[in-house]
Amino acid sequence: MRKYFEVFKFNLKTKMNFKAEYIFSLFSFAIHVFVFNELWDFILKDKIVLGYSREDLIWYIIMGEFLYYILGSKNYKEISNMIKNGDVANMLTKPISFLKYIIAIELTCIVNVIINFIFAIVLGILLAGVLKISLSQLLIFSIAITFSIILLILIQVMIGMLAFLTEENEAYKLVISKAMLLLILTPLEFFPSFAKNILSFLPTTYAVYPVGKILIHFEIKNSLTLIVCQIISIIIMLLIVNLLNIKGVRNINVNGG
């Protein structure tokens, strides 16, 4: 595992060199939240719609935006470039797993995740006030956010590894990010029944929806159901990523890169 930790450290140092880009991403984060703060303030004021107040929706969007910025990283491009440039073929001649290597690259997002989370909490308190959270709610929320981060990392890895099937994977990234965006801007309850049924089967839904839902509307039974759905989604994504890796490596071994 030490070699993968070294990969993690090297890539983390590289990422930290782009401080200006990261500061602008936080600025963009804040702008999106301010826009929706004004929008929900104008639409709702003191009303409650489907159990959501203006403050609830602001906290929900802030958590969604915080998670969306994990998917917004460009690590998937680094993975797809390694596949297209033939770097994978060179790697297979060394005692290193390509799948573990790219997961180590993806884990470099953890520093940004911590900073983004602190920024999101401060922004939420300023715009929507302090939330009252019980100890059990905090525990389940922490589990949900950990599973969401794992799920988002696996989604990034999957998008990158789709280059094994088609060289250009930007279209996959666009479709997946838009599917996530639906749940970031609007809770699942706001969708019509047919759309809700479709979204309920997508792993992208459980990458963003459970965190906001558990934070603002905590019910032990519903929250545990969402956690189970996250676990199922992680298992599905692990299977997909492993299948892509096996198929890609096999093709390289047969065709010679």
Side-chain angles (χ1 to χ4, degrees), residues 15 18-44 49-50 52-76 106 108-131 133 137-138 141-156 159 173-191 199 202-218 226 230 233:
K15 302 291 181 191
F18 298 95
K19 296 182 181 70
E21 181 182 346
Y22 183 65
I23 291 169
F24 277 110
S25 75
L26 288 178
F27 180 72
S28 176
F29 181 174
I31 291 295
H32 288 170
V33 173
F34 280 125
V35 168
F36 277 94
N37 177 57
E38 294 302 312
L39 177 64
W40 288 121
D41 189 43
F42 177 77
I43 294 172
L44 292 181
V49 178
L50 296 175
Y52 288 86
S53 66
R54 169 199 163 273
E55 289 77 15
D56 291 339
L57 289 169
I58 295 304
W59 271 111
Y60 179 87
I61 290 169
I62 285 173
M63 286 296 108
E65 284 280 351
F66 151 67
L67 291 166
Y68 185 70
Y69 271 80
I70 300 174
L71 192 67
S73 72
K74 302 297 182 183
N75 285 352
Y76 77 95
E106 286 295 333
T108 57
C109 74
I110 198 66
V111 174
N112 289 355
V113 166
I114 293 169
I115 297 171
N116 280 3
F117 183 71
I118 295 169
F119 184 76
I121 294 298
V122 172
L123 201 58
I125 291 171
L126 291 174
L127 295 178
V130 179
L131 287 170
I133 301 176
Q137 182 180 3
L138 181 61
F141 172 76
S142 301
I143 294 170
I145 208 166
T146 301
F147 285 164
S148 286
I149 292 168
I150 293 170
L151 193 49
L152 286 165
I153 287 173
L154 289 173
I155 289 171
Q156 275 270 24
I159 294 170
K173 168 64 164 53
L174 184 63
V175 171
I176 290 169
S177 63
K178 297 308 176 189
M180 274 187 60
L181 201 59
L182 290 173
L183 272 301
I184 288 166
L185 305 180
T186 314
L188 192 61
E189 292 86 346
F190 282 59
F191 290 90
L199 289 169
L202 298 178
T204 49
T205 297
Y206 301 104
V208 291
Y209 175 70
V211 173
K213 180 68 176 177
I214 291 169
L215 181 66
I216 58 178
H217 286 171
F218 178 69
L226 290 173
Q230 284 187 306
S233 298

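- Atom CE of Met63 is separated from atom CZ of Phe117 by 5.5 Å, given to the nearest 0.5 angstrom.
- Here the CG-OG1 distance, from Leu226 to Thr205, works out to 10.5 Å after rounding to the nearest 0.5 Å.
- Shortest non-hydrogen contact noted between Leu57 and Phe190 is CD2-CZ, 4.2 Å.
- Across every non-hydrogen atom of Ile216 and Gln137, the tightest pair is N-NE2, 4.4 Å.
- Residues satisfying the ring pair (Phe, Tyr, Trp, His ring centres under 6.0 Å) criterion with Phe34, sequence neighbours excluded, are absent altogether.
- The two residues Ile62 and Ala120 have their closest heavy-atom pair at CG2-O, 3.4 Å.
- At a threshold of 4.5 Å between non-hydrogen side-chain atoms, the residues Trp59 and Ile121 count as touching.
- In the model, Tyr209 has no side-chain atom that pairs as donor or acceptor with a side-chain atom of Gln230 under 3.5 Å.
- Using bins of under 30°, 30° to 60° and over 60° for the plane-to-plane angle, the ring pair Tyr52/His217 lands in the tilted bin.
- Here the side chains of Leu123 and Phe119 are in contact, with some heavy-atom distance below 4.5 Å.
- With a 4.5 Å cut-off on side-chain heavy atoms, Ile133 and Leu215 count as touching.
- Taken to the nearest 0.5 Å, the OG1 atom of Thr204 stands 8.5 Å off from the CG atom of Leu151.
- Rounding to the nearest 0.5 angstrom, the gap separating the OG1 atom in Thr186 from the OH atom in Tyr60 is 7.5 Å.
- The only option from Leu183, Leu152, Ile184, Asn116 that meets the side-chain contact (heavy atoms from CB on, under 4.5 Å) definition with Leu67 turns out to be Leu152.
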Start with the C-alpha distance between Phe218 and Leu131, add both sets of side-chain angles, then the distance that settles side-chain contact (heavy atoms from CB on, under 4.5 Å), and finish with yes or no. CA-CA 12 Å; Phe218 178 69; Leu131 287 170; over 6 Å; no

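- To the nearest 0.5 Å, atoms CD1 (Ile176) and CD1 (Ile155) are separated by 6.5 Å.
- Counting only heavy atoms from C-beta outward, the side chains of Ile143 and Phe147 approach each other to under 4.5 Å.
- Counting all heavy atoms, side chain and backbone alike, Ser233 lies closest to Pro203 at OG-CA, 3.7 Å.
- Between atom CD1 of residue Ile145 and atom CD1 of residue Ile150 there is a gap of 12.0 Å, rounded to the nearest 0.5 Å.
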